[in-house]
Enquirer: 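Encoded as structure tokens, here's the structure I'll be asking about.
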Amino acid sequence: MQKEIIISPSILSADFAHLENQIKEIEQHGANWIHVDVMDGQFVPNITMGPFIVKHCKRLSNLPLDVHLMIEKPENHIKAFIDAGANRVTIHTEGNPNIYRTLQEIGELGASPGIALSPGTPASMIENVLEVVDMVLVMTVNPGFSGQKHMPSMIQKVATVNEMIKKLNREIIIEVDGGITAKTLPPIHKAGATAFVAATSIFKHQNGIKSGIQALRDASLS
Ligand code: DX5
Ligand code: ZN
């Protein structure tokens with residue numbers, strides 16, 4: 001039997017007028033982490049939240065904060081996010097000439113470093129940074145918005161990353177993000193992903209947050 005999956009609800013689809021209740025609810029119903037999608041309007045077309053929101057999430061919950069930076073020059077901002085309470089900081093491979101150094105700095109500042117791959121970026125791009133990361137995030141939509149259609153073609157990339165990790169002697173989590181539902185979860189779980197980000201299928205589940213989280217857990221056992 002496989003280990004229990006990690007569920008990281010993305011607050012991008014939360015009701016921000018009731019953020020405290022929404023966070024309490026995901027915590028109460030078994031979320032493992034809280035995923036915070038940071039977008040700067042440059043790296044991706046959307047603008048979302050910054051360290052200020054991370055600070056409030058920290059105040060509201062003891063769950064680890066899984067901060068996904070979709071921003072240009074992440075090296076200029078990692079300290080602010082970690083000071084605000086980020087436990088895990090994931091930066092993107094694309095357009096980032098300093099990834100190795102920035103990942104090391106995330107670790108030195110006391111957070112878990114993660115590296116993300118957008119759909120158009122091959123797994124081979126991260127080969128040389130695997131030794132300094134705790135997590136690989138394989139995007140299963142184009143970064144920028146919640147509610148997009150999951151790309152099943154990314155399953156193969158997860159399998160490739162999984163093979164790359166097996167050759168190393170360290171634990172590295174594979175996280176997937178984008179269009180994760182009870183339907184899309186099983187094949188990508190089988191390919192090696194063990195952490196699942198979900199915004200729409202949790203916060204907008206027709207029967208509420210509890211059912212959204214439960215559906216993903218049940219799907220991981222199927
Ligand atoms: C997309 C973000 C995701 C997004 C997921 O750029 O990184 O975390 O919020 O949303 P859903 O689960 O709705 O695809
Ligand atoms: Zn994300």
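For ligands, and for the atoms within them, numbers begin at 1 and follow the listed sequence.
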Enquirer: Examine distances only and state if a side-chain atom of K79 and a backbone atom of E105 form a donor-acceptor pair shorter than 3.5 Å.
Expert: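 Flag not set: sc K79 to bb E105 has no pair under 3.5 Å.
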Enquirer: Judged by modelled atom types alone, do D37 and T48 share a side-chain donor-acceptor pair under 3.5 Å?
Expert: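 Note: D37 and T48 side chains miss the donor-acceptor criterion.
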Enquirer: If the Zn ion (ligand 2) is the vertex, what is the angle to OD1 of D37 and NE2 of H35, rounded to 10 degrees?
Expert: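 Value, to the nearest 10 degrees: 90°.
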Enquirer: Suppose we only allow N, O or S atoms; which atom of D177 ends up nearest to the Zn ion (ligand 2)?
Expert: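 Nearest to the Zn ion (ligand 2) within D177's N, O and S set: OD2.
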Enquirer: Less than 4.5 Å apart, side chain to side chain, heavy atoms only: is that true for S10 and F203?
Expert: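 No, too far: nothing below the 4.5 Å cut-off.
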Enquirer: Using side chain to side chain contact (heavy atoms under 4.5 Å, CB included) as the criterion, point out the one residue from V136, L137, V129, L117 that pairs with T93.
Expert: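 For T93, the side chain to side chain contact (heavy atoms under 4.5 Å, CB included) check succeeds only for L117.
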Enquirer: By salt bridge (Lys or Arg N to Asp or Glu O under 4.0 Å), which residues pair with D134, not counting sequence neighbours?
Expert: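 R170.
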Enquirer: I53 versus F16: any side-chain heavy-atom pair under 4.5 Å?
Expert: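 When only atoms from C-beta onward are counted, F16 and I53 do touch, with a gap below 4.5 Å.
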Enquirer: Taking the Zn ion (ligand 2) as the reference point, name the nearest N/O/S atom of H68.
Expert: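 Nearest to the Zn ion (ligand 2) within H68's N, O and S set: ND1.
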Enquirer: N or O contacts of ligand 1 with protein under 3.5 Å, please list pair by pair.
Expert:
from, atom 1, to, atom 2, distance (Å)
ligand 1, 6 (O), G144, N, 2.7
ligand 1, 7 (O), D37, OD1, 2.9
ligand 1, 7 (O), H68, ND1, 3.3
ligand 1, 7 (O), D177, OD2, 2.9
ligand 1, 8 (O), D37, OD1, 3.1
ligand 1, 8 (O), D37, OD2, 2.6
ligand 1, 8 (O), D177, OD1, 2.6
ligand 1, 8 (O), D177, OD2, 3.0
ligand 1, 9 (O), S10, OG, 3.2
ligand 1, 9 (O), D37, OD2, 3.0
ligand 1, 12 (O), A199, N, 2.8
ligand 1, 13 (O), G147, N, 2.8
ligand 1, 13 (O), T200, N, 3.1
ligand 1, 13 (O), T200, OG1, 2.4
ligand 1, 14 (O), G179, N, 2.7

Enquirer: Between R217 and I5, is there a side-chain heavy-atom distance shorter than 4.5 Å?
Expert: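 Yes - at least one pair of side-chain heavy atoms lies under 4.5 Å apart.
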